[in-house]
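This report refers to the structure that appears directly beneath it.
We're numbering straight along the sequence, starting at 1. No hydrogens, no waters, no symmetry mates; every other heavy atom, side chains included, goes into these values. Order of appearance sets the numbers: ligands from 1, and atoms from 1 within every ligand.
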Amino acid sequence: MENTLYIKTFGCQMNERDSEIIEQLLAQDGFRSVDTPESASVVILNTCSIRAKAEQKVYSLLGQLRDSRKKAPEMLVGVAGCVAQQESRRILERMPHVDFVIGTQQIYQLPDIVQRLRSRQTEKEISTDLESQFTIPPFQKLHETVPKAGSGDFRRFVTIMQGCNNYCSYCVVPHTRGREVSRPVKDILEEVRILVRQGIKEITLLGQNVNSYGMTNPVADGKVSFSQLLRQVAEIKGVERLRFTTSNPKDLSKELMRCFAELDNLCPHFHLPVQAGSNRVLAAMNRKYTVEEYLYKVKSLREYRPDIAIATDIIVGFPGESEIDFQGTMDLLEQVRFHGSFSFKYSDRPNTRSADFSDKVPEDVKSERLSRFQRRQDQISLERNREYIGTTQHVMIESIDGSTCKGRTPTNHIVHFSRPENLFTFTTGQTVLVSVQQAGKHSLKGTVINS
Ligand code: 5AD
Ligand code: SF4
């Protein structure tokens, strides 16, 4: 049987990284990736459960796969990620054509699971235990699991911690990704070194709550704070750009802010989810900071690094959110003037505390608030982006399509530009100087002035 893998990834960067690991693990068994489920012998949906909508999408896609599975009896269909973790056996009950369900901490078992199913040792496989230890193998195994950077690859995520201990009242993550565990420093540094040797130029340190790295379940090599780790990674020769995601404002320290002033390769971009602009709602969300504290942190960050671009996440219509509470979110938007934001309507998630709150906001009110927020954010993003007109930006090229190029500034702004006719040596990962001439709400446009 040909070893072909189709994997579809939903949700966050954590899942994207897990999908890379899955591809790499199966590549060791001779699997190559294909673009359609019909041409695959193993189909995996790597799922997200953060909002109800994301979960519904998984079930509808699984339904569509029923026919393909029937036509190709040798095909294996599997579900991985947060819905797999959360639903476990229930997925098999609803979708009997699914062959395996693999939780967020079990992906390393995948090659064995596929092997057992193919040799008919087992008929179905469910593996969804949550362990309280770091599940990325230590250094010895890393050489096998760090994806080989292919041509054109120039950036990678490096996982520094898994799980989350915050228990925000709306959030499913502690239930799907388990307790917070930090990865040993030496493994992280080694992985970064391997990646830069393979030509990777941009590293994003990845975790649900990177600011609490080393604070809970500290790793064997002693207490190393997130900013200390960041400094060690920044020192590795070849790391041209360094980013991290995601942070909880409550754990954002002065020590970390100082890194933005002192580390040249740390990009001036900060994703700092605030969620709401009302202290009453923030308390009900169990966020453990106030609007005033958030604003103070934003102000301090901007003192350390005046050109920093701050982005956020917002939930509208959290249970009990009044019009006055929502106005607080709109006021916060005016005060911070975020460069960009991801905004969502609140939705109930299984096992979360807020799912049991009684004062739910009606769907139409949520929709109206969301569009009000997004309309204003779009205007602000456009105004913010216009501030870059006339500036010269270092743009790392992300894609080249004929003479059309797309890249990113250190502040994470997308820039479109044309490749000058005499410059055929452009490659992805290369940094060029671009003079910005136009701005839209989602991107900038400019001309290369040098390369
Ligand atoms: N409903 C709506 N949005 C949510 N998020 C997390 N949980 C929920 C939920 N139950 C949003 C938060 C988070 C982002 C990843 O998704 O804004 O930061
Ligand atoms: Fe979705 Fe959260 Fe799981 Fe990421 S950790 S896949 S955002 S539920």
Side-chain angles (χ1 to χ4, degrees), residues 7-22 44-58 79-87 102-105 107 128 130 135 157 159 161-180 206-211 245-250 270-277 281-282 284-287 289 294 311-321 329 332 338 340-357 360-361 363 366-367 369-370 373-374 377:
I7 181 160
K8 185 159 175 72
T9 311
F10 302 82
C12 64
Q13 290 109 334
M14 235 71 64
N15 265 18
E16 279 178 38
R17 176 69 189 124
D18 285 349
S19 287
E20 279 176 5
I21 294 173
I22 289 173
I44 298 176
L45 302 188
N46 194 8
T47 61
C48 172
S49 150
I50 197 85
R51 288 171 292 276
K53 235 188 186 168
E55 188 181 334
Q56 285 151 14
K57 234 193 253 166
V58 171
V79 184
C82 289
V83 178
Q85 187 63 50
Q86 172 193 297
E87 296 294 294
I102 188 163
T104 52
Q105 296 185 8
I107 52 179
T128 51
L130 272 186
T135 48
F157 296 119
T159 309
M161 63 199 305
Q162 69 186 26
C164 182
N165 284 354
N166 284 334
Y167 286 97
C168 300
S169 61
Y170 53 80
C171 188
V172 80
V173 173
H175 310 282
T176 59
R177 296 255 170 197
R179 296 292 66 68
E180 195 172 287
L206 192 59
Q208 283 298 341
N209 187 18
V210 291
N211 284 226
T245 192
T246 287
S247 307
N248 185 317
K250 80 179 165 62
F270 207 131
H271 184 70
L272 194 61
V274 64
Q275 311 298 357
V281 172
L282 286 174
M285 286 177 162
N286 194 30
R287 290 293 285 177
Y289 55 82
Y294 184 88
T312 202
D313 288 352
I314 295 285
I315 297 176
V316 301
F318 186 79
E321 184 189 74
T329 301
L332 183 84
F338 296 104
S341 61
F342 298 100
S343 47
F344 313 99
K345 286 191 271 183
Y346 168 81
S347 73
D348 281 339
R349 306 309 297 130
N351 305 314
T352 59
R353 275 203 289 130
S354 61
D356 294 330
F357 291 176
K360 299 281 160 60
V361 174
E363 215 41 48
K366 283 195 267 187
S367 300
R369 286 181 189 165
L370 185 69
F373 180 87
Q374 290 180 339
Q377 174 67 71

Inset, instruction - Enumerate the protein N/O/S atoms at a distance below 2.8 Å from atom 1 (Fe) of ligand 2, ignoring waters. - result: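 You should have found Cys48 SG.
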
Inset, instruction - Identify whether NZ of Lys or CZ of Arg in Arg51 sits under 6.0 Å from the centre of the six-membered ring of Phe344 and within 45° of that ring's axis. - result: yes

Legend entry - Lys360 to Phe357 six-membered ring, cation-pi geometry met (6.0 Å, 45°): no

Legend entry - Every residue of the protein that comes under 4.0 Å of ligand 1, judged on heavy atoms: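 Residues near ligand 1: Ile50, Arg51, Tyr170, Gln275, Asp313, Ile315, Phe344, Lys345, Tyr346, Ser347, Arg349.
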
Heavy-atom side-chain proximity of [X] to [Y] below 4.5 angstrom:
X: Glu321; Y: Arg369; value: yes
X: Tyr294; Y: Thr312; value: yes
X: Phe10; Y: Asn46; value: no

Legend entry - Modelled atom types, side-chain donor and acceptor of Lys250 and Asn211, under 3.5 Å: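 On atom types as modelled, these side chains do not qualify, holding no pair under 3.5 Å.
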
Inset, instruction - Give a yes or no answer on whether the side chain of Arg179 reaches the backbone of Pro174 with a donor-acceptor pair at less than 3.5 Å. - result: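 Judged by distance alone, yes, a pair lies under 3.5 Å.
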
Legend entry - Lys57 atom NZ, neighbour heavy-atom count above 12 within 6.0 Å: no

Inset, instruction - Look at atom OH of Tyr167 and say whether more than 12 heavy atoms of other residues, nucleotides or ligands are closer to it than 6.0 Å. - result: yes

Legend entry - Proximal atoms of ligand 2 relative to Gln208 (non-hydrogen, under 4.0 Å): 5 (S)

Inset, instruction - Look up atom CE in Met14 and atom CZ in Phe157, then write down how far apart they are to the nearest 0.5 Å. - result: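 One gets 9.0 Å once the value is rounded to the nearest 0.5 Å.
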
